[in-house]
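Counting convention: from 1, in listed order, for ligands and their atoms alike. Starting from 1, each residue takes its place in the sequence as its number.
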Amino acid sequence: MRRTGTVIIGGGQAGLAMSRCLTERGVDHVVLERGRVAESWRSERWDSLRLLTPCWQSRLPGWSYRGPDPDGYMTMAEVTDYLERYARSFGAPVRTGTTVESVQRRRGGFLVTTDRGVWTAEAVVVATGHCGRPRIPAMARDLPDTLLQLAPTWYRNPEQLPAGGCLVVGASASGVQLADEIHRSGRDVTLAVGRHTRLPRRYRGSDIMWWLDAMGVLDESVDDVFNIAASRSQPSLQLVGRSDHASLDLGVLQDAGVRLVGRLHAVDGDRVVLGDDLVATTAAADAKLRRLLGRVDRFAVDAGLEGSIPAAEPIPPVEPRPAPTAVDLAAEGIRSVIWATGFERSYPYLKVPVLDERGEIRHRGGVTEVPGLYVIGLAFMRRRKSTYIDGVGEDAEYLADHLLDHLWVGRWAA
Ligand SMILES: Cc1cc2nc3c(=O)[nH]c(=O)nc-3n(C[C@H](O)[C@H](O)[C@H](O)COP(=O)(O)OP(=O)(O)OC[C@H]3O[C@@H](n4cnc5c(N)ncnc54)[C@H](O)[C@@H]3O)c2cc1C
């Protein structure tokens, strides 16, 4: 049995940022990672994916992008390299190939059992990611076995798919990007659209992420929003990171030949039942977009940028063509379904009573009810940017301070 001050579970950006902050504070710790550093970026993303955040927006405690293309978007190999170099830069004590199998409370701290031995620790930080596993609706099980079903986590490239049409369910960042790529491979693509967040890649001469950063939108905290549960379940941004900085929205996809349909409601054999809601969901996304761009325009005036930046460019609303409310997959030659329906988390190893009825960790800004147990990297955990590479660092600084206090109190009491 080995002993350490803190066990961090997960060696992605969140675990590494936490490790960096604990290193700075002189806290003895280990990072236990079941795969390699940045494993999710290596093995749970498709081949062509680039970050949708620009390279400059990858600031971590003590680390930032210094490459030749700050306004570009990193490939997965580049993100992995970026995080590997980060881990090396401060000698992060990462134990790769080590899966945490259980975390139990014991007097004065925790017992952490892995497939490579047991650790005792005064504190544990769960950094296993917000996008732990795909969230696939139960109706997927009712689809015929003849269809290939994938989630973005398992999709790599269009060659994986059988010839024929493809139904992509979900029109957030992953859904629109995969619909585009699969359509470009020569397949007919139907995209089932639910609630989504439309954004232009660039606006008035700057990347939209630059505007969100400059305006402080990404810094908004849990206290700044009316309904944190709603804010935490916001769809991901409909963006793509491409060298031409092009926007990818439903209008672009429809013009290219992707068929837009409403939300997928039910499966009945080969038939899928769709909502008659496409006009409403696209209109809602357009209204939200207009409100945001209005906010950008007002910010530009207040910041004295007006006159030195391009004028506001009109962004036409998406005008969906009439869509069917049911599709017979077999009759239309649709042979594959991609469930781009979001992610969920699961913590089978946590033998500590901190999960709510949905299986999510109960926490306040990453601090759980169990003294010494923390979580980091969840969506809107403390701020809107908490789950982004660029945002996790601030949370790590806060939690490291909290954790240090916990260790001091515990050691003093002992
Ligand atoms: C498709 C996609 C695109 C994204 N694009 C961007 C983007 O452009 N910009 C941006 O800022 N963010 C983006 N994100 C969001 C976020 O940055 C990523 O999800 C990122 O991987 C989160 O980092 P993390 O460290 O919190 O979790 P992860 O990177 O998922 O790391 C968790 C680690 O925990 C390990 N682990 C899990 N269980 C155990 C266990 N029991 N024992 C030991 N180890 C374990 C895993 O192997 C993994 O390495 C994107 C997310 C997705 C899904």
Side-chain angles (χ1 to χ4, degrees), residues 7-19 30-60 65 72-76 78-80 82-84 86-87 94-103 112-116 119 124-135 151-155 170 172-178 207 209 212-213 218 236-237 239-242 340 342-350 366 375-381 384-393 395-396:
V7 163
I8 300 172
I9 311 173
Q13 72 227 16
L16 295 177
M18 197 67 208
S19 174
V30 284
V31 181
L32 304 181
E33 165 55 53
R34 66 183 171 191
R36 298 156 287 178
V37 163
E39 188 60 48
S40 304
W41 293 110
R42 296 171 194 266
S43 56
E44 296 181 4
R45 312 282 189 257
W46 58 95
D47 297 346
S48 66
L49 179 65
R50 284 173 178 266
L51 289 187
L52 52 79
T53 43
C55 296
W56 60 264
Q57 203 172 33
S58 306
R59 296 162 292 200
L60 286 160
Y65 180 80
Y73 311 97
M74 287 188 221
T75 62
M76 291 306 100
E78 287 166 341
V79 187
T80 303
Y82 184 76
L83 292 177
E84 264 187 339
Y86 182 45
V94 186
R95 306 282 177 117
T96 53
T98 305
T99 302
V100 171
E101 292 174 339
S102 86
V103 173
V112 180
T113 306
T114 79
D115 59 351
R116 291 197 172 189
W119 291 81
V124 168
V125 182
V126 176
T128 50
H130 186 74
C131 303
R133 63 179 192 200
R135 187 178 58 223
T153 308
W154 312 313
Y155 170 89
S172 291
S174 300
V176 292
Q177 291 185 38
L178 297 187
D207 196 286
M209 296 307 292
L212 297 182
D213 184 65
L218 300 171
S236 63
L237 310 176
L239 287 173
V240 62
R242 277 198 196 141
F343 297 91
E344 59 191 16
R345 291 139 297 285
S346 119
Y347 306 100
Y349 55 86
L350 268 186
V375 61
I376 187 166
L378 300 181
F380 216 142
M381 194 181 84
R384 202 178 282 286
K385 61 184 180 183
S386 284
T387 195
Y388 289 123
I389 298 172
D390 202 59
V392 77
D395 291 359

Is Trp41 touching ligand 1 with its side chain, its backbone, both, or neither, if touching means heavy atoms under 4.0 Å apart?
-> side chain
Proximity winner for atom 2 (C) of ligand 1, if only heavy atoms of Glu44, Met209, Arg345, Arg45 are counted = Arg45
What do you reckon, does Tyr73 put a non-hydrogen atom under 4.0 Å from ligand 1?
-> no
Under 3.5 Å, side chain of His130 to main-chain N/O of Ala379, donor-acceptor pair present?
-> yes
Out of Arg50, Glu33, Met18, whose heavy atom sits nearest atom 49 (O) of ligand 1?
-> Glu33
Please work out whether any backbone atom (N, CA, C, O) or any side-chain heavy atom from C-beta onward of Ala38 is under 4.0 Å from ligand 1, and answer side chain, backbone, both or neither.
-> neither
For ligand 1, which atoms, with element, lie under 4.0 Å from some heavy atom of Ile9?
-> 40 (C), 42 (N), 43 (C)
Would you say Pro152 contacts ligand 1, with heavy atoms under 4.0 Å as the rule?
-> no
Note: ligand 1 atoms sitting under 4.0 Å from heavy atoms of Gln13 are 16 (C), 17 (O), 20 (C), 22 (C), 23 (O), 25 (O)
Would you call the rings of Tyr82 and Tyr65 parallel, tilted or perpendicular, where under 30° means parallel and over 60° means perpendicular?
-> tilted
Per-atom contacts, ligand 1 versus Ile389 - under 4.0 Å to a heavy atom = 10 (C), 11 (O)
Might you point out which heavy atoms bring Ile376 and Ala127 nearest each other, and give the distance in Å?
-> CG2-CB, 3.6 Å
Among Thr128, Val240, Val37, Thr53, closest by heavy atom to atom 39 (C) of ligand 1 is Thr128
Close-contact set for ligand 1 against Gly10 heavy atoms, below 4.0 Å = 33 (C), 34 (O), 35 (C)
Just go through Leu32, Val100, Ile8 and tell me whose heavy atom is the nearest to atom 40 (C) of ligand 1.
-> Val100
In plain terms, say whether Glu84 and Arg42 are close enough for a salt bridge, that is, a side-chain N and a carboxylate O under 4.0 Å apart.
-> yes
Looking only at heavy atoms of Thr98, does any of them come nearer than 4.0 Å to an atom of ligand 1?
-> yes
Could you tell me which atoms of ligand 1, counted from 1 in the order shown, lie closer than 4.0 angstrom to a heavy atom of Gly12?
-> 25 (O), 29 (O), 31 (O)
Please state which part of Cys131 comes within less than 4.0 Å of ligand 1, counting heavy atoms only: side chain, backbone, both or neither.
-> side chain
